[in-house]
Every structure is written in structure tokens, then in C-alpha cells.
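Here the structure comes first, spelled out in C-alpha cells, and everything after it is commentary.
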Amino acid sequence: MVQPLSPHPLTPPPPSAKLPTPPMKPALLKILAIVLIGALVFLGGWLLYHGGWEKLKEDWTGKYRERPNPSRGALALGPDGYYWGVTSDSTEMPGYLYKMKADGSGWRIVHTFLHNESPISGIYPEGSLVSDGVDSLLGTTVHSVHSSGFGTLYKVNATTGVLTTLMEFKGKSGSEKGSGPCATLVHDGMGSFWGSTRSGGTNHSGTIFKYSLATGVLTTVADITTSAPLGFISFGPSDALASDGHGYLWGITCDGGKENGGTVFKVHESTGELTVLREFNDAKGGQLPVGGLVSDDRGFLWGTCSEGGKFGGTIFKVNATTGALTTVVEFTDVGGSNPGNGPRTALVGDGHGFLWGSTLLGGRGKVGTIFKVDIASGVLTTVMDFGISGPTHKGYFPQGTLVIDGHGAFLGNTLAGGAKNAGTIFKIDIATGVLTTLVEFGKVGP
């Protein structure tokens with residue numbers, strides 16, 4: 001009898017049978033791990049450089065949360081060759097530091113100020129950063145995370161981006177009294193930085209101080225009181241001080257004086273003696289000075305009033321020897337001989353006999369102007385009128401103090417406009433007056 005043949009040893013198993021998975025080679029595992037780690041590092045670096053997950057999510061969805069606008073402080077050239085700036089005025093993100101090259105490239109956020117930051121830090125930075133001439137920039141915040149909230153003085157390393165809080169203000173008393181520092185610091189070239197606080201001090205009317213970077217000691221030079229000649233009312237100075245080269249620092253207060261229209265004062269650098277030289281108390285002469293004073297190297301300090309004059313504020317100069325004040329320009333809003341309304345920033349010299357500045361409002365477009373005034377004659381020339389949008393400029397409401405970029409142009413910023421209406425950074429050619437938008441702020445960044 002013939003027996004059936006047994007299954008061939010090479011007959012494949014039935015479909016339901018499972019073959020054992022061969023082990024993955026260690027070399028392949030290592031390659032996959034390296035690729036995965038590299039991808040994660042690249043993604044993390046890309047997100048850090050371009051604004052983080054929040055910006056990525058917002059770009060995908062098109063839904064934007066409130067974010068800060070550029071502050072009215074000027075961009076500052078740092079020791080690293082980049083221009084540094086700050087943003088402020090947002091409850092959800094109380095400001096950040098950013099830097100960029102003179103042509104707008106390389107823009108990135110360096111430090112974000114947070115409500116819950118630890119160790120203690122400041123929030124709501126104001127004014128401009130100031131280089132220490134070595135490796136860092138110094139600045140101030142109006143408030144701080146600490147329950148006292150009186151503000152801070154900080155420095156940021158230009159290379160590493162690491163921010164260090166140098167001191168917290170203590171309000172009404174103590175060795176570091178003062179509250180709400182929002183003016184740009186001034187480096188005296190001898191290791192000390194001079195500044196002011198809007199309030200705090202013995203009478204809660206503000207202080208003038210200097211800070212030694214070498215010792216870390218803050219000295220209150222002048223404790224502003226309401227009983228000073230002509231009187232300060234409500235708040236102290238909020239703009240940078242200016243040296244006259246003869247032992248005095250000059251400044252302005254936006255309010256104060258008998259009519260509460262603002263004052264011009266000077267303080268002796270050694271004795272701290274404070275003298276009020278002028279109180280603004282009439283509409284024609286201007287009132288509510290803003291932006292600080294600047295020396296023309298001809299014996300005068302120049303400034304602007306945000307209101308008064310014919311309609312839209314004024315430009316004035318003060319004789320540094322006599323204290324006499326002269327109204328040089330009265331702005332005329334949307335028309336007239338001096339269009340513009342509401343100058344709010346310091347004037348800046350171009351090295352060719354002119355002082356440049358901007359108005360927040362007015363001009364033909366009703367949303368601001370850039371102007372220059374001849375130091376010798378006092379004649380004002382409107383360099384450009386902002387519009388809601390233009391071929392080379394996309395911002396409006398200029399509000400940042402101009403700064404020379406070293407390449408024949410001024411850099412500045414606007415409060416509004418740009419792709420997401422969060423402001424812009426621009427440059428304006430000194431010779432031609434042509435303005436070009438460099439950066440359009442997003443809700444997190446460009």
C-alpha cells in the first residue's frame with residue numbers, strides 16, 4: 001500500500017502563523033536616535049529663533065493674542081554690533097527685549113519679561129537700553145514681580161542674552177528709594193549711570209539717582225519735593241537727563257508747576273541742588289513737555305511740548321546760561337506752515353546743523369510726521385507725512401526716538417501699522433528723506 005508523502009520541509013506555514021521579527025541592528029538604532037535628536041534640536045532652535053510655539057500656533061490659526069508694541073525709547077547700539085530695543089504695554093506679555101542688525105535682518109527676541117519669573121525680575125521695560133561700553137546693556141522696568149512692584153534696574157549680556165536684575169527700587173524710603181523708573185539711563189563715562197523715577201522718594205514725587213556699575217550702589221542725588229521752587233505736582237521726570245557740560249543735568253517733567261503744565265529743571269551733579277527754571281503755564285508757549293532735552297553744542301538745550309502753541313504742540317530751546325526759554329516752532333496739525341501734532345520724543349542731531357524728530361499725529365495723513373528743524377534759523381521742514389500704508393512705509397503713529405545707524409540714516413519705530421497692525425521699525429535716509437520699513441511687528445514678533 002502506498003503511503004502519502006509527508007509535507008515538504010520547505011512548505012510555507014499557513015497564513016495565520018506569525019514569523020518572529022528579526023532583531024534591529026544596534027547600528028541602525030543609533031542612526032535613528034541621532035536623526036530624532038537632531039530633528040528635535042533643530043525644531044527647538046527654530047522655534048526659539050522665530051518666536052516659539054505661541055507664534056507658530058498663531059501663524060497656523062491666524063488668531064492673535066494681545067502682544068506688546070515697541071516702546072517710545074530709541075534703538076540702542078550694543079557691544080555686539082546689533083541694535084537693541086524693548087516692547088511694553090501688554091497685560092498678557094509685559095514686554096520683551098529684541099535685537100536686530102541695522103538693515104533689519106537677524107531680528108530676534110532675546111528675553112521675555114514674565115509675571116511669574118524667578119528669580120525676581122522686572123516687568124514693563126521702558127526707555128532705551130544703554131551700552132556699558134564693555135559687554136552689556138542696562139535698562140529699567142517700571143514695575144517688578146515682587147509684591148512691592150516699584151521697578152528694577154537690570155543689565156543684559158549682549159553675547160549670551162542673560163539678564164541680571166541689578167537692584168529693585170524700594171519706594172518711599174531706604175537706600176534705594178524711588179518708584180517707576182521709565183527714563184533712559186545716561187552713562188557719564190566714569191562708571192555711573194544717571195536716571196530718575198516718576199514717583200517714590202520721601203514725598204512720593206520722584207527722585208534723581210546715579211548707579212555705580214562697579215560697586216552696585218545706588219545713590220539718591222535729589223529727592224524731589226512739592227515744596228521745590230515753583231513746585232512739582234503728581235509725578236517726577238520720565239525722560240532722560242541731559243548734561244550741559246558744566247556740572248548740571250537738565251530735565252523736564254510732563255506736569256508740575258503752578259498750572260500743572262510741566263517744568264524745566266536742572267540738578268547739580270555734586271550737591272544734588274535742584275532748580276526749576278521754567279514752568280509751562282500757557283497754551284501759546286506750549287505745555288506738557290515730553291521727550292527730554294538735547295544740547296545743540298551752541299549753548300542751548302532743545303525740547304518739545306506735546307500740547308499748546310497754535311494747536312499741536314511746540315519746539316522750544318532753553319539758554320543753558322540764563323535759563324531763558326524761547327518757543328521756536330508751533331505745530332499746525334494737518335495743514336499750515338508747520339504740519340504735525342503731538343511731538344513726544346527727544347530731538348536728535350544729524351551732524352549737519354539740523355535736529356530731527358517726529359509727531360505722533362497730524363500731517364497730511366493725520367497719522368504723524370517726521371521733521372527737521374534748522375538749529376541756526378529755527379525753520380522747520382516736514383521730511384515726510386505718514387499715511388495708513390505706503391509703498392515704502394507700512395507703519396504710522398511714529399513714537400520712537402530716532403537714532404543714527406552709522407550708514408546715513410535714522411532708525412525709528414511706529415506704534416501701529418504693518419502686517420498685523422502691531423507697529424514697525426523703519427529707516428529714513430538723511431540725505432533723501434526716503435523711508436523704508438525694515439520690520440513689521442507681529443503679536444509675538446516679526
Side-chain angles (χ1 to χ4, degrees), residues 69-74 88-89 126-128 182-184 198 234-235 237-240 251-257 259-264 280-294 302-317 325 327-348 355-373 378 380-388 393 395-403 410 412-417 421 423-424 426 428 435:
N69 295 98
S71 80
R72 66 186 182 93
S88 193
D89 300 329
E126 277 291 344
S128 308
C182 55
T184 300
R198 284 279 279 157
S234 301
F235 295 106
S238 59
D239 296 289
I252 57 174
T253 62
C254 188
D255 59 6
E259 301 296 326
N260 205 29
T263 66
V264 175
F280 296 91
N281 58 6
D282 64 273
K284 181 173 175 54
Q287 55 191 358
L288 308 185
V290 180
L293 301 173
V294 59
W302 293 63
T304 61
C305 284
S306 59
E307 296 183 11
K310 291 181 178 178
F311 186 85
T314 66
I315 298 174
F316 64 86
K317 65 180 181 180
L325 184 144
T327 299
V328 180
V329 172
E330 296 179 71
F331 287 98
T332 53
D333 196 24
V334 297
S337 57
N338 300 316
N341 186 346
R344 296 173 185 268
T345 58
L347 301 173
V348 182
L355 295 173
W356 289 58
S358 64
T359 63
L360 183 68
L361 304 168
R364 288 179 297 176
K366 302 182 180 180
V367 289
T369 68
I370 292 179
F371 62 83
K372 63 181 180 180
V373 59
L380 181 137
T381 301
T382 301
V383 179
M384 69 154 293
D385 297 88
F386 284 88
I388 297 300
H393 70 274
Y396 54 97
F397 299 150
Q399 53 113 39
T401 299
L402 300 173
V403 61
F410 283 110
N413 66 52
T414 66
L415 182 63
N421 201 32
T424 66
F426 63 81
I428 183 165
L435 185 144

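Note that the coordinates shown come from a computational prediction; the quantities given were computed from them, not determined experimentally. Computation of the quantities below employed the complete heavy-atom set of this structure, encompassing side-chain atoms and omitting hydrogens, waters and symmetry-equivalent molecules.
- Residue F280 holds its CZ atom at 9.5 Å from CG of L288, rounded to the nearest 0.5 Å.
- Every residue was checked against the side chain to side chain donor-acceptor pair (under 3.5 Å) condition with S306, not counting sequence neighbours, and none meets it.
- Counting heavy atoms from C-beta on, the side chains of F316 and L293 come closer than 4.5 Å.
- Shown here are the side chain to side chain contact (heavy atoms under 4.5 Å, CB included) partners of L361, two or more places apart in sequence or in another chain: N341, F397.
- In this view, D333 satisfies the salt bridge (Lys or Arg N to Asp or Glu O under 4.0 Å) rule with no residue, not counting sequence neighbours.
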Step by step, work out the side chain to side chain contact (heavy atoms under 4.5 Å, CB included) result for T424 and Y396. CA-CA 8 Å; T424 66; Y396 54 97; over 6 Å; no
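- When side chains are defined from C-beta on, N413 counts as touching Q399, because their heavy atoms get closer than 4.5 Å.
- By the side chain to side chain contact (heavy atoms under 4.5 Å, CB included) test, A183 pairs with S196, sequence neighbours left out.
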With side chain to side chain contact (heavy atoms under 4.5 Å, CB included) as the test, would you mind laying out the steps for V348 and V294 before giving the verdict? CA-CA 7 Å; V348 182; V294 59; over 6 Å; no
Assess whether side chain to side chain contact (heavy atoms under 4.5 Å, CB included) is satisfied between F371 and N338, documenting all intermediate values. CA-CA 9 Å; F371 62 83; N338 300 316; over 6 Å; no
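- By the 4.5 Å heavy-atom criterion applied to side chains, L347 and T304 are counted as neighbours.
- The list of salt bridge (Lys or Arg N to Asp or Glu O under 4.0 Å) pairs with a residue in residues 357-370, not counting sequence neighbours, reads R364-D385.
- Under the side chain to side chain donor-acceptor pair (under 3.5 Å) criterion, T359 pairs with T369, sequence neighbours left out.
- Judged as a ring pair (Phe, Tyr, Trp, His ring centres under 6.0 Å), and not counting sequence neighbours, the contacts of F410 are W356.
- Here I315 contributes atom CD1 and L355 contributes atom CG; the two are 8.0 Å apart, rounded to the nearest 0.5 Å.
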Quick one, D239 with I252, criterion side chain to side chain contact (heavy atoms under 4.5 Å, CB included). Give me CA distance, side-chain angles, the key distance, then yes/no. CA-CA 7 Å; D239 296 289; I252 57 174; 3.8 Å; yes
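- We find the CG-OG1 distance between L325 and T314 to be 8.0 Å, quoted to the nearest 0.5 Å.
- Here CD of Q287 is found 9.5 Å from SG of C254. Values are rounded to the nearest 0.5 Å.
- Across all non-hydrogen atoms, the minimal contact from F331 to P343 is CE1-CG, 3.7 Å.
- Taking every heavy atom of both residues into account, G286 and C305 meet most closely at C-SG, 3.8 Å.
- In terms of modelled atom types and a separation under 3.5 Å, the side chain of T382 and the main chain of M384 share no donor-acceptor contact.
- Atom-to-atom distance recorded for L380:CG and E330:CD is 12.0 Å, nearest 0.5 angstrom.
- Summarising the geometry of A74 relative to S128, their closest heavy-atom pair is N-OG, 2.6 Å, with the distance given to 0.1 Å.
- Side-chain N or O atoms of S238 include none that pairs as donor or acceptor with a backbone N or O of C182 at under 3.5 Å.
- Taking the ring pair (Phe, Tyr, Trp, His ring centres under 6.0 Å) definition, one finds that F386 meets it with H393, F426, sequence neighbours left out.
- Between P289 and G262, the shortest heavy-atom distance links the atoms CD-CA, 3.8 Å.
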